[in-house]
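Working notes, structure below.
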Amino acid sequence: MLERLNDLPPGVEGVRASGKVTVEDYERSLRPLLEEARRDGRRVRFLYEIAADFEGFTAGAAWDDTRIGIRYMRRFAACAVVTDVGWMREATRFAGAFMPCPTHAFSIAGRGEAISWLASFTEQSISYRLLPEHGIVVVELKSALRAEDFDALSATVDSWLEAHAELRGIVIHAREFPGWENFAAFVHQIRFVRDHHREIHRVAVAAGGVAANIAPRLAEHFIKAEIKHFDYDALDEALAWVKA
């Protein structure tokens with residue numbers, strides 16, 4: 001069976017697998033958790049605890065596990081697998097190399113360490129909100145941009161585009177452009193632009209100081225989108241222009 005854990009700190013969510021895991025277990029416990037995160041436009045710090053009496057997955061559950069993993073992969077901010085089942089720990093170490101988020105295996109005795117590791121993740125260097133009535137995403141830049149922030153933003157935009165032909169626009173709001181945490185973050189930004197520029201009509205940059213230089217740089221990549229710069233304090237004006 002698969003049951004949702006209720007003893008985790010705020011911001012950390014998880015499930016516990018024991019016995020034989022079925023398709024119904026996934027539909028009852030895991031999918032609602034991830035769907036809720038998708039609707040809220042947030043990522044999950046996830047604890048997957050595998051009990052000593054774990055017997056494996058039914059054939060249908062194994063397939064459901066794969067489908068859910070592919071569909072919601074970018075919804076995970078970090079994953080901790082807690083188990084003393086040897087092959088599961090080795091599988092986690094192998095799969096971690098291909099996951100888009102930090103993934104680590106812990107023993108049952110190290111469950112507290114796993115929870116602390118998940119809880120210690122800092123807030124995203126960008127925050128964003130979707131205005132569904134207008135089809136606009138507002139992005140606030142706060143600190144050096146990270147690769148996982150662009151993955152989370154991509155997941156939100158992709159969820160919208162699953163049901164809509166296009167996104168009316170993006171409004172980027174920053175007092176100063178914070179730069180990138182590392183080269184991987186820069187690559188993820190380019191990937192985000194590459195994958196979405198044709199579905200976005202307008203990009204407004206409400207920024208001051210050095211951040212004002214973002215606009216012409218964006219124009220080089222958002223081939224289809226119309227770009228316009230506004231002062232940092234002119235966020236409402238930028239929103240009105242994108243809505244028009």
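Scope of the values below: all heavy atoms of this structure, side chains included, with no hydrogens, waters or symmetry mates.
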Practice task
Decide side-chain contact (heavy atoms from CB on, under 4.5 Å) for K228 and V203; before the verdict, give the C-alpha distance in whole Å, the side-chain angles of both, and the deciding distance to 0.1 Å.
Solution key: CA-CA 7 Å; K228 189 171 182 178; V203 177; over 6 Å; no
Practice task
Could you walk me through whether D231 and E237 pass side-chain contact (heavy atoms from CB on, under 4.5 Å), step by step?
Solution key: CA-CA 9 Å; D231 291 337; E237 185 181 346; over 6 Å; no
Exercise for the section: For F46 and V15, run side-chain contact (heavy atoms from CB on, under 4.5 Å): C-alpha distance rounded to whole Å, both residues' side-chain angles, the deciding distance at 0.1 Å, then the answer. Expected result: CA-CA 8 Å; F46 187 68; V15 296; 3.6 Å; yes
Exercise for the section: List the steps and the verdict of side-chain contact (heavy atoms from CB on, under 4.5 Å) for L131 and L239. Expected result: CA-CA 10 Å; L131 308 180; L239 280 167; 4.0 Å; yes
Exercise for the section: Evaluate the salt bridge (Lys or Arg N to Asp or Glu O under 4.0 Å) criterion for residues R31 and E27: first the C-alpha distance (whole Å), next the side-chain angles of each, then the deciding distance (0.1 Å), finally the verdict. Expected result: CA-CA 5 Å; R31 190 183 293 277; E27 296 301 321; 3.0 Å; yes
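Note: the hydrophobic cluster containing M1 does not contain V21 (ILVMFWY, side chain heavy atoms under 4.5 Å, direct or indirect links). Hydrophobic clustering of Ile, Leu, Val, Met, Phe, Trp and Tyr side chains at less than 4.5 Å, counting indirect connections, unites L5 with V12. Both V205 and L141 belong to a common hydrophobic cluster when Ile, Leu, Val, Met, Phe, Trp and Tyr are linked at side-chain heavy-atom distances under 4.5 angstrom. Both V137 and I200 are members of a single hydrophobic cluster when ILVMFWY side chains are connected at heavy-atom separations under 4.5 Å. Under the 4.5 Å side-chain heavy-atom criterion for ILVMFWY residues, no single connected hydrophobic cluster contains both Y232 and V138.
Between F150 and F192, the ring planes lie tilted relative to each other; the angle falls in the 30° to 60° range.
Pairs engaging residues 10-21 under the salt bridge (charged side-chain N to carboxylate O under 4.0 Å, His left out) rule: E3-R16, R4-E13, E13-R42, R16-E49 [sequence neighbours left out].
Between W117 atom CH2 and R45 atom CZ the span is 11.0 Å, to the nearest 0.5 Å. To the nearest 0.5 Å, atom OG of residue S154 and atom NE2 of residue H188 are 9.0 Å apart. From I227, atom CD1 reaches atom CD1 of I170 across 9.5 Å, with rounding to the nearest 0.5 Å. Going from atom CZ of F230 over to atom CG of D236 covers 11.0 Å, rounded to the nearest 0.5 Å. The CZ atom of R168 sits 16.0 Å away from atom CD of E199, with the distance rounded to the nearest 0.5 Å. Atom CG of D158 and atom CG of D195 lie 7.5 Å apart (nearest 0.5 Å).
Between E24 and R28 no salt bridge is recorded (no basic side-chain N to carboxylate O distance below 4.0 Å).
In terms of heavy-atom proximity, L167 sits nearest to L161 at N-CD2, 3.9 Å. Taking every heavy atom of both residues into account, V44 and A37 meet most closely at CG2-CB, 3.5 Å.
Side chain of W160 to main chain of E166: a donor-acceptor pair is present (N/O by atom type, distance under 3.5 Å, no hydrogens or angles). When atom types are taken as modelled, the side chain of H173 and the backbone of A207 share no donor-acceptor pair closer than 3.5 angstrom.
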Listing, residues 76-90 side-chain donor-acceptor contacts under 3.5 Å, not counting sequence neighbours, or none:
{"residue": "T83", "atom": "OG1", "partner": "I50", "partner atom": "O", "Å": "3.4"}
{"residue": "T83", "atom": "OG1", "partner": "V85", "partner atom": "N", "Å": "2.9"}
{"residue": "D84", "atom": "OD1", "partner": "I108", "partner atom": "N", "Å": "3.1"}
{"residue": "E90", "atom": "OE2", "partner": "R93", "partner atom": "NH1", "Å": "2.8"}

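Remark: the H201 side chain and the E226 side chain contain no N/O donor-acceptor pair separated by less than 3.5 Å.
Residues that satisfy the side chain to side chain contact (heavy atoms under 4.5 Å, CB included) test with D53, not counting sequence neighbours, are S18, A51.
Annotation: side chain of E140 is in contact with side chain of L235 (closest heavy-atom distance under 4.5 Å).
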